[in-house]
There are 2 protein chains.
Amino acid sequence: MATTTPKADKTRHRILRAAEKIFSKKGFRAMTVREVTREARVNLASVNYHFGSKQDLMQAVIEERFGPINRQRIALIEAARREAHPAPIALPKLIEIMVRPLFELAFQEPGNDTTVIRMIGRCMSEPTDFVQDVNEKTFAEITSLMMEELARTLPDASEADLRLCLFFTISTMIGAIGDEDRFRDVTRRKQTFEDTSEMVHRLVAYVVGGFLRVTHLPKQD
Amino acid sequence: MATTTPKADKTRHRILRAAEKIFSKKGFRAMTVREVTREARVNLASVNYHFGSKQDLMQAVIEERFGPINRQRIALIEAARREAHPAPIALPKLIEIMVRPLFELAFQEPGNDTTVIRMIGRCMSEPTDFVQDVNEKTFAEITSLMMEELARTLPDASEADLRLCLFFTISTMIGAIGDEDRFRDVTRRKQTFEDTSEMVHRLVAYVVGGFLRVTHLPKQD
DNA sequence: GTCTATAGAACGATAGAC
DNA sequence: GTCTATCGTTCTATAGAC
């Protein structure tokens, strides 16, 4: 006997890959079910059959992609905490945990294309309400975990400054991730994100520099 | 006699204000002409009469808003260059020129609302092709001017590193500007961007810290 | 210059045959 | 589980009266 549902799984998978590809380029509103099924080379009706609605499809894409990244970040924080114990995790290490899984998991994909990484950026700036809701829930745990560790690593900084810096950091990452075109315009590089490690290395340095300077700002409140 | 076209100008203006308000919340695709005319309390057909098409309306909104911000930045750079001459402009000063006009011009609006500032962020992450084209043209001059000055201020840094840092900086600004909801989530602040000056002060510190750390990274290429 | 009415196209979703 | 055919909605844009 053959396996039970080979074709269904394949169709489902093809739809998911097509959806994230188109969403990452155009956003939720401009991603039409018609274009997704055309790109996936499946029937128009199959999206509703397998997922229920366009919104349910989008939700499935987000959850499938963001879950692993955050699980890895949480695991890395816990490992780093054990390793450093009882000292706090060093700032560059902490920032790297924030930055690297985002870039590396994205490039584990076959063809090393930038679809996943662009999808994350697109997701963050997506105006549709339900996407924002899913986003908020997906990143709530890692945000509060990161704040805890930042408070340990930089005990003299105010919580308000740390939160503001974390906000800046997420902004930097999202911008750096999502906007490949602007990346090329500004940096004038031929490649896009090919040398991930070099880029991550500099991004970590940039964020660490930012944190240190803000939290060492002369008090003036 | 009364002025010649008081009502036409008023309608045009109402449409522009309504368009940027709705665009800043939802992006180009989700902004419908119907909703714009409803919000502006003008007739549905008036958008096509005054602007030609939805796309032309969007173009008018962008050019009306971005022009003054970039003109002010260019003027500030030239003034700072004269003042510092023959020394280069100090890094914090240069970064402040990049950051502050964006926030301040946005808050000159009546009611101090965040529409303009959100519009800029939304514009930067807008997937529609023609918006990206307008964006690129609008910011090409200020980008190259800023690169010139950065090269003078940080003469030991490689051009590649400076471009990458500038890219990070724009990313940080865009993220910090555009995403009021995430700002509230992460920072847990009740206000949004009320205390602009405090926010700008910290954003400048963050970016300066980032630049300095990346450009002083031990060489390893 | 402003209105109503509507053309014409594209969309999400579903019914029903296979 | 997959297909075709289509319904009902919503959109941009325009024609034509005022």
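Within every chain, numbering begins at 1; the chains are lettered A, B, ... in the order of the sequence lines, protein sequences first and strands thereafter.
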Item to complete: Map A:R38 and A:G52 onto DNA chain C by nearest heavy atom, then report which one ends up closer to the 5' terminus.
Response: A:R38
Worksheet, complete the sentence: note: A:N48, atom CG; C:dT14, atom P; distance rounded to Å ~ 6 Å
Discussion item. Both A:Y49 and B:L44 contact DNA chain D. Taking the nearest nucleotide for each, which residue is further toward the 5' end?
Written reply: A:Y49
Worksheet, complete the sentence: From CD1 of A:I22 across to C1' of C:dG12 the rounded distance in Å is 15 Å
Worksheet item: Any side-chain N or O of B:N43 under 4.0 Å from OP1/OP2 of C:dT2?
Response: no
Worksheet entry | Integer-rounded Å distance: C:dG1 P and B:H13 NE2 | 17 Å
Item to complete: Check the distance between C:dA9's P and A:E35's CD and give it to me in whole angstrom.
Response: 20 Å
Fill in: Among A:E35, A:E39, A:E20, the one residue meeting salt bridge (charged side-chain N to carboxylate O under 4.0 Å, His left out) with A:K26
A:E35
Worksheet item: To the side chain of A:K54, which of D:dA13, D:dT2, C:dG12 is closest?
Response: C:dG12
Worksheet item: C:dC3 P sits how many Å from B:R41 CZ, rounded?
Response: 13 Å
Practice prompt. Kindly assign one of parallel, tilted or perpendicular to the pair B:Y206 and A:Y206, based on the angle between their ring planes and the thresholds 30° and 60°.
Written response: perpendicular
Response to the item:
Rounded to whole Å, CD1 of B:I15 lies from C1' of C:dT2 at a distance of 11 Å
Worksheet, complete the sentence: Between CZ of B:F28 and P of D:dC11 the distance, given in whole Å, is 14 Å
Practice prompt. Look at the aromatic rings of B:F28 and B:F130 and report parallel, tilted or perpendicular, splitting at 30° and 60°.
Written response: perpendicular
Item to complete: Measure the distance from CD on A:Q55 to P on C:dC11 and round it to the nearest whole Å.
Response: 18 Å
Item to complete: Compare all side-chain heavy atoms of A:K54 with those of A:M31 and state whether any distance is below 4.5 angstrom.
Response: yes
Worksheet item: Are A:Q55 and A:S53 linked by a side-chain donor-acceptor pair shorter than 3.5 Å?
Response: no
Discussion item. Under 4.0 Å, heavy atoms only, any strand: does A:T32 hit a base, just the sugar-phosphate, or nothing?
Written reply: sugar-phosphate
Worksheet item: OP1, OP2 of C:dT2 versus side-chain N and O of B:T11: anything below 4.0 Å?
Response: yes
Worksheet item: With nearest nucleotides of DNA chain D determined for A:R29 and A:A45 from heavy-atom distances, which residue corresponds to the more 5′ nucleotide?
Response: A:A45
